[in-house]
Number of protein chains: 2
Amino acid sequence: MRLVVAKCQVDYAGRLTAHLPLATRVIMVKADGSVLVHADGGSYKPLNWMSPPCTLRESVGDDGVVEWTVAATKSDDTLRIRLEEVIHDSDHELGIDPGLQKDGVEKHLQELLAEHTTTLGPGMSLVRREYMTAIGPVDLLCKDAGGSVAVEIKRRGEIDGVEQLTRYLELMNRDPKLRPVRGVFAAQEIKPQARVLAQDRGIECVVVNYDELRGIEDPSLRLF
Amino acid sequence: MRLVVAKCQVDYAGRLTAHLPLATRVIMVKADGSVLVHADGGSYKPLNWMSPPCTLRESVGDDGVVEWTVAATKSDDTLRIRLEEVIHDSDHELGIDPGLQKDGVEKHLQELLAEHTTTLGPGMSLVRREYMTAIGPVDLLCKDAGGSVAVEIKRRGEIDGVEQLTRYLELMNRDPKLRPVRGVFAAQEIKPQARVLAQDRGIECVVVNYDELRGIEDPSLRLF
DNA sequence: TACTTAATTTCGGAG
DNA sequence: CTCCGAAGTTAAGTA
């Protein structure tokens, strides 16, 4: 990993065209050749970058200014960096990273809801997880006193989730052995537009709390 | 901007839980307090990070190991970094960045297509850009010999774009002054699933080439 | 390998 | 300020 702090100008040409005026920035060159240009703010996304695989070529222009040309291997995307003044330049051996361990994403939410279907409504019981249909798997197929219920689970409930569930319901309600099938849209957070569309489609919305569910799952996590 | 290279362990708790085992990594601390933990590969996304606004507190554990606790201001997200061994530590004044100038995104595609509606079909002419409906603006409203045509433009054509256009068509075909309205789905690239769904809905797909359109727009850009 | 879906998405614009 | 859609999205899982 090479770290360079420099007064630089950057131009990108590829899927779009972008330009960065002269200013002091941090440039990271990773072991795989990828390059990131960061400013002193603006969250984790770099101002400009080149994804691997790519190659870096250093040259000196007519005016004596050092210029880096980073070219993608599989497309003709290029990133040009003019280094007007280098303030810092260091190189470090990092080795391969053991990688990130995650917990608490959509899959876990589905597992927890499959264990605690009553969260989705009184008398609700699980028929199948990942119930397969011609157009894809329904997250949960449940049933209660009123009949079959298809459940779509999202971490964040937005319009396309409601559309997805609508497609499943359309299809399943053509099957005489299943129909009538109602829909439940379950998410940790449901956006207003998604809620309106769901209501319009007769789909019930359920906001689920991951921590609460996990608390049911593992009583040792309860606060009292 | 502070740059630290260190053998470290990282733990994140917030919207999810994540853990990074002990390894050598680069840590960026930006002026706004945000922190990025990068490995020597894996594109522009950090392994772990904390978005601004947040605050960094440095402490020393019982075992004498320096530990950073980065806490978000508006939520209870926290990032803990145990610095087992610091290999490099430097600080740099960057100043504010003038920002990125972009060109060639969806908006431009819409502008170009509005100028060259015949790309979308023979005899096609523009009625209005951003034609307003109760559920949002249709990118282009056109007409040809066959009547009105609603055009949805995407850089990459996927299922949700077709769904969006379907909703517009449903609504517009209820209006006696407009109907019948046909649909055209225009994108630089159309995914197979989206194409199938569009066909099922009677929506025509058009693949547009940004560079070609720009060439029509500005003859000086033509290659001959 | 190609395609689909999720993401601690981030970012910008409009109401 | 919130809400909504686009992104050079990236990354992971599956057929």
Side-chain angles (χ1 to χ4, degrees), chain A residues 11-18 34 36-37 41-52 54 70 72 75-79 99-100 102-110 130 132 135-137 139 152-156 158-161 164 187-197 210, chain B residues 10-18 34-37 41-52 54 70 72 75-79 99-100 102-110 130 132 135-137 139 152-156 158-161 164 187-189 191-196 210:
Chain A
D11 283 277
Y12 166 76
R15 275 164 281 194
L16 58 65
T17 305
S34 57
L36 286 68
V37 181
S43 198
Y44 76 61
K45 199 176 179 181
L47 293 165
N48 241 326
W49 71 93
M50 181 60 72
S51 308
C54 61
V70 190
S75 69
D76 54 1
D77 292 23
T78 51
L79 188 71
L100 187 67
K102 283 187 188 182
D103 178 34
V105 283
E106 185 185 285
K107 198 176 65 173
H108 300 222
L109 198 61
Q110 191 194 114
E130 303 280 350
M132 208 55 197
I135 54 171
D139 288 337
E152 176 65 34
I153 301 167
K154 291 272 179 243
R155 204 176 53 80
R156 285 168 55 181
E158 297 180 39
I159 274 185
D160 55 348
Q164 198 178 331
Q188 287 185 274
E189 180 198 352
I190 295 179
K191 292 294 174 73
Q193 266 205 354
R195 193 179 286 274
V196 170
L197 186 65
Y210 181 78
Chain B
V10 185
D11 283 277
Y12 167 76
R15 276 164 281 191
L16 59 64
T17 304
S34 56
V35 176
L36 286 68
V37 180
S43 196
Y44 74 63
K45 198 176 180 182
L47 292 165
N48 240 325
W49 71 93
M50 180 60 73
S51 308
C54 60
V70 190
S75 67
D76 53 2
D77 291 23
T78 51
L79 187 72
L100 188 67
K102 284 187 190 181
D103 178 34
V105 283
E106 184 186 283
K107 199 176 64 175
H108 299 225
L109 199 61
Q110 191 194 114
E130 302 279 349
M132 208 55 198
I135 52 170
D139 288 338
E152 177 65 33
I153 301 168
K154 291 275 179 242
R155 204 176 52 81
R156 284 168 56 180
E158 296 178 39
I159 275 187
D160 56 347
Q164 197 178 331
Q188 288 185 272
E189 180 199 351
K191 291 293 173 75
Q193 266 207 353
R195 193 178 286 275
V196 169
Y210 180 79

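Hydrogens, waters and symmetry mates are skipped; everything else that's a heavy atom, side chains included, is used. Numbered from 1 within each chain, the chains take letters A, B, ... in sequence-line order.
Comparing D/dA11 with C/dC11, their P atoms sit 16 Å apart, to the nearest whole Å. Comparing the C1' positions of D/dA6 and D/dT10 gives an interatomic distance of 15 Å, to the nearest angstrom. A distance of about 15 Å separates the C1' atoms of D/dA7 and C/dA6, rounded to the whole Å.
At the heavy-atom level, A/M50 lies under 4.0 Å from base atoms of the strands shown. Using a 4.0 Å heavy-atom cutoff across all strands shown, B/D77 reaches no nucleic acid atom at all.
Taking CD from B/E152 and CG from B/D160, the interatomic distance works out to 9.0 Å, rounded to the nearest 0.5 Å.
Within the 4.5 Å cutoff, the side chain of B/P137 has heavy atoms near those of the B/M132 side chain.
At distances below 3.5 Å, at least one donor-acceptor pair connects side-chain atoms of B/D139 with backbone N or O atoms of B/I153.
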Which pairs, protein N/O on one side and nucleotides 11-15 of chain C N/O on the other, fall under 3.5 Å?
residue : atom : partner : partner atom : Å
C/dC11  : OP1  : A/G42   : O            : 2.4

Could you list all N or O pairs between the protein and nucleotides 4-6 of chain D that sit under 3.5 Å apart?
residue : atom : partner : partner atom : Å
D/dC4   : OP1  : A/Q193  : N            : 3.2
D/dA6   : OP1  : B/K154  : NZ           : 2.5
D/dA6   : OP2  : B/K154  : NZ           : 3.2

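Rounded to an integer number of Å, the gap from A/L109 CG to C/dT5 P is 18 Å. One interatomic measurement links the two molecules: CD of A/E130 to P of C/dA6, which rounds to 10 Å at whole-angstrom precision. Atom pair A/R15:CZ and D/dG8:P shows a separation of 9 Å (rounding to whole Å applied). Regarding A/Q110, its CD atom lies at a distance of 20 Å from the P atom of D/dA12, rounded to whole Å. Rounding to whole angstrom units, OH of residue B/Y210 and P of D/dA7 are separated by 12 Å. A straight line from CG of B/L79 to C1' of C/dT8 spans 10 Å, rounded to a whole angstrom. Following rounding to the nearest Å, B/R195 (CZ) and C/dC3 (P) show an atom-to-atom distance of 12 Å. In this structure, A/D76 places its CG atom 16 Å from P of D/dG8, rounding to the nearest Å.
Taking each heavy atom of B/A187 and B/R156 in turn, the nearest pair found is CB-C, 4.2 Å. The nearest pair of heavy atoms linking B/S34 to B/P52 is CB-CD, 3.4 Å. Closest of all the heavy-atom pairs between B/V37 and B/P46 is O-CB, 3.3 Å. Contact detail for B/M50 and B/A72: the closest heavy-atom pair is SD-CB, 3.9 Å.
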Check against side chain to side chain contact (heavy atoms under 4.5 Å, CB included), B/L79 and B/N48:
CA-CA 8 Å; B/L79 187 72; B/N48 240 325; 3.9 Å; yes
Do A/E158 and A/Q193 pass the side chain to side chain contact (heavy atoms under 4.5 Å, CB included) test, and can you show the C-alpha distance, the side-chain angles, and the key distance before you say yes or no?
CA-CA 7 Å; A/E158 297 180 39; A/Q193 266 205 354; over 6 Å; no
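With sequence neighbours excluded, the residues forming a side chain to side chain donor-acceptor pair (under 3.5 Å) with B/D11 are B/H19, listed by chain and number. Under the salt bridge (charged side-chain N to carboxylate O under 4.0 Å, His left out) criterion, B/D77 pairs with B/R15, sequence neighbours left out. B/Y44 meets the ring pair (Phe, Tyr, Trp, His ring centres under 6.0 Å) test with A/W49; sequence neighbours excluded.
The shortest distance between the side-chain N/O atoms of B/S51 and the OP1/OP2 oxygens of C/dT8 is not below 4.0 Å.
Counting only Watson-Crick and G-U wobble pairs whose two distances sit under 3.5 Å, DNA chain D takes part in these stems of three or more pairs: C:1-7 with D:9-15, C:9-15 with D:1-7.
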